[in-house]
Amino acid sequence: DGGITQSPKYLFRKEGQNVTLSCEQNLNHDAMYWYRQDPGQGLRLIYYSQIVNDFQKGDIAEGYSVSREKKESFPLTVTSAQKNPTAFYLCASSIERNEKLFFGSGTQLSVL
Amino acid sequence: GQNIDQPTEMTATEGAIVQINCTYQTSGFNGLFWYQQHAGEAPTFLSYNVLDGLEEKGRFSSFLSRSKGYSYLLLKELQMKDSASYLCAVRVGDSNYQLIWGAGTKLIIKP
């Protein structure tokens with residue numbers, strides 16, 4: 001079955017450490033997105049990519065980085081510059097930039 | 001500014017009907033989405049409205065009034081598995097990177 005796979009489900013970051021969240025899709029979707037979900041807040045867009053080898057900053061890109069070297073993969077790195085990284089991170093994709101989103105099951109990142 | 005309001009939490013009884021409201025004040029409007037999210041899981045698409053009126057899909061219906069900046073999601077014949085958060089999102093441009101999300105409504109179903 002097609003879908004989006006995020007790993008790991010839970011991740012712990014130590015002070016000063018960079019961590020990478022994986023997102024893989026086999027839906028053949030061009031567009032991919034990273035969102036951050038905090039309690040009591042709406043989803044906030046971190047980065048998005050509409051095509052391979054191209055990506056754009058979202059509303060809260062500071063302290064994060066991404067790459068899009070393959071259509072299927074859109075990993076997110078949370079750098080040590082992100083001072084408040086504890087959140088639930090959701091990866092999504094859409095077949096085109098204005099079609100409904102398909103989401104992965106998320107990664108809960110916590111700070112040790 | 002851009003703002004979407006939803007009730008934080010609602011409680012309903014199994015077998016009953018519940019209406020979850022979403023009001024928005026945004027600088028543009030190009031469609032409204034509803035997603036369902038069970039705790040710790042992926043949001044899944046429920047409905048999309050871009051024109052005024054009611055869209056019915058099985059037990060779920062969604063309504064939009066653009067002039068009032070208002071939408072609701074109506075869930076009928078509630079089941080325990082409907083316990084989840086319901087997210088309202090407004091697209092303010094022609095692309096998904098221009099989505100504004102509400103904080104979600106946590107729906108609790110009681111037997």
Side-chain angles (χ1 to χ4, degrees), chain A residues 1-10 23 25 27 29-51 54-61 66 74 87-110, chain B residues 1-10 20-50 55 57 60 62 71 73 84-106:
Chain A
D1 284 338
I4 300 181
T5 302
Q6 288 188 240
S7 63
K9 182 68 175 175
Y10 301 95
C23 177
Q25 55 100 357
L27 298 167
H29 286 177
D30 283 318
M32 297 187 75
Y33 314 82
W34 273 106
Y35 286 97
R36 172 176 171 145
Q37 188 173 36
D38 293 279
Q41 297 188 41
L43 299 183
R44 291 184 290 168
L45 183 64
I46 304 172
Y47 268 97
Y48 65 95
S49 168
Q50 299 190 85
I51 198 167
D54 184 59
F55 50 84
Q56 305 296 328
K57 293 181 179 180
D59 301 317
I60 56 164
V66 294
F74 192 39
F88 191 57
Y89 290 86
L90 286 163
C91 179
S93 70
S94 61
I95 191 163
E96 292 185 5
R97 62 180 188 167
N98 59 354
E99 293 293 325
K100 66 182 180 184
L101 296 174
F102 290 79
F103 285 89
S105 55
T107 294
Q108 176 64 51
L109 176 62
S110 303
Chain B
Q2 317 270 39
N3 192 52
I4 297 181
D5 288 315
Q6 303 179 237
T8 301
E9 187 174 297
M10 299 180 69
I20 302 174
N21 296 328
C22 171
T23 58
Y24 61 91
Q25 302 90 38
T26 58
S27 57
F29 181 85
N30 191 21
L32 186 145
F33 294 85
W34 285 96
Y35 284 82
Q36 179 191 58
Q37 185 181 23
H38 288 97
E41 296 184 11
T44 55
F45 171 80
L46 289 177
S47 68
Y48 172 69
N49 295 69
V50 67
E55 296 272 349
K57 195 183 295 185
F60 292 10
S62 58
S71 174
L73 183 68
S85 289
Y86 292 85
L87 313 181
C88 172
V90 172
R91 189 163 60 206
V92 297
D94 61 0
S95 297
N96 287 332
Y97 63 80
Q98 296 163 304
L99 280 168
I100 308 297
W101 293 83
T105 298
K106 183 178 180 180

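Note on naming: letters A, B, ... go to the chains in the order of the sequence lines (proteins, then strands), and numbering restarts at 1 for each one.
- With a 4.5 Å cut-off on non-hydrogen atoms, Leu99(B) touches chain A through its side chain but not through its backbone.
- Among all heavy-atom pairs drawn from Phe103(A) and Leu90(A), the shortest one is CD2-CB, 4.1 Å.
- Here the closest non-hydrogen pair linking Leu73(B) and Ser47(B) is CD1-OG, 4.4 Å.
- Only the side chain of Tyr35(A) has a heavy atom closer than 4.5 Å to any heavy atom of chain B.
- Contact annotation for Ser95(B): both backbone and side-chain heavy atoms come within less than 4.5 Å of a heavy atom of chain A.
- Interface remark: Gln37(B) contributes side-chain atoms only to the contact with chain A (heavy atom separation under 4.5 Å).
- Under the 3.5 Å distance criterion, with hydrogens and angles disregarded, a donor-acceptor pair is assigned to the side chains of Tyr33(A) and Ser94(A).
- Taking Gly102(B), Ala42(B), Gly40(B) one by one and counting their heavy-atom pairs under 4.5 Å with chain A, the maximum is reached by Ala42(B).
- Residue with the most contacts toward chain A among Gln6(B), Glu41(B), Lys106(B), Gln98(B): Glu41(B) (heavy-atom pairs, distance under 4.5 Å).
- If you tally non-hydrogen atom pairs under 4.5 Å between each of Gln56(A), Arg44(A), Gln37(A) and chain B, the highest count goes to Gln37(A).
- Ion pairing between a basic and an acidic side chain is recognised when a charged N comes within 4.0 Å of a carboxylate O; Arg97(A) and Asp30(A) show no such pairing.
- For Leu45(A), the part lying under 4.5 angstrom from a heavy atom of chain B is the side chain only.
- Here the closest non-hydrogen pair linking Gly40(A) and Ala103(B) is O-CB, 3.5 Å.
- Gln108(A) does not touch chain B: none of its heavy atoms, backbone or side chain, sits under 4.5 Å away.
- No part of Tyr48(B) comes within reach of chain A, as not one of its non-hydrogen atoms sits under 4.5 angstrom from that chain.
- Taking the six-membered ring wherever Trp is involved, the centroid distance between the rings of Phe55(A) and Phe74(A) does not fall below 6.0 Å.
- Contact between Ser93(A) and Ile4(A) at its shortest, heavy atoms only, is OG-CD1, 3.3 Å.
- If you measure heavy-atom distances from Gln50(A) to chain B, the contacts under 4.5 Å come from the side chain alone.
- Heavy-atom minimum distance, Glu99(A) versus Asn96(B): O-ND2, 2.6 Å.
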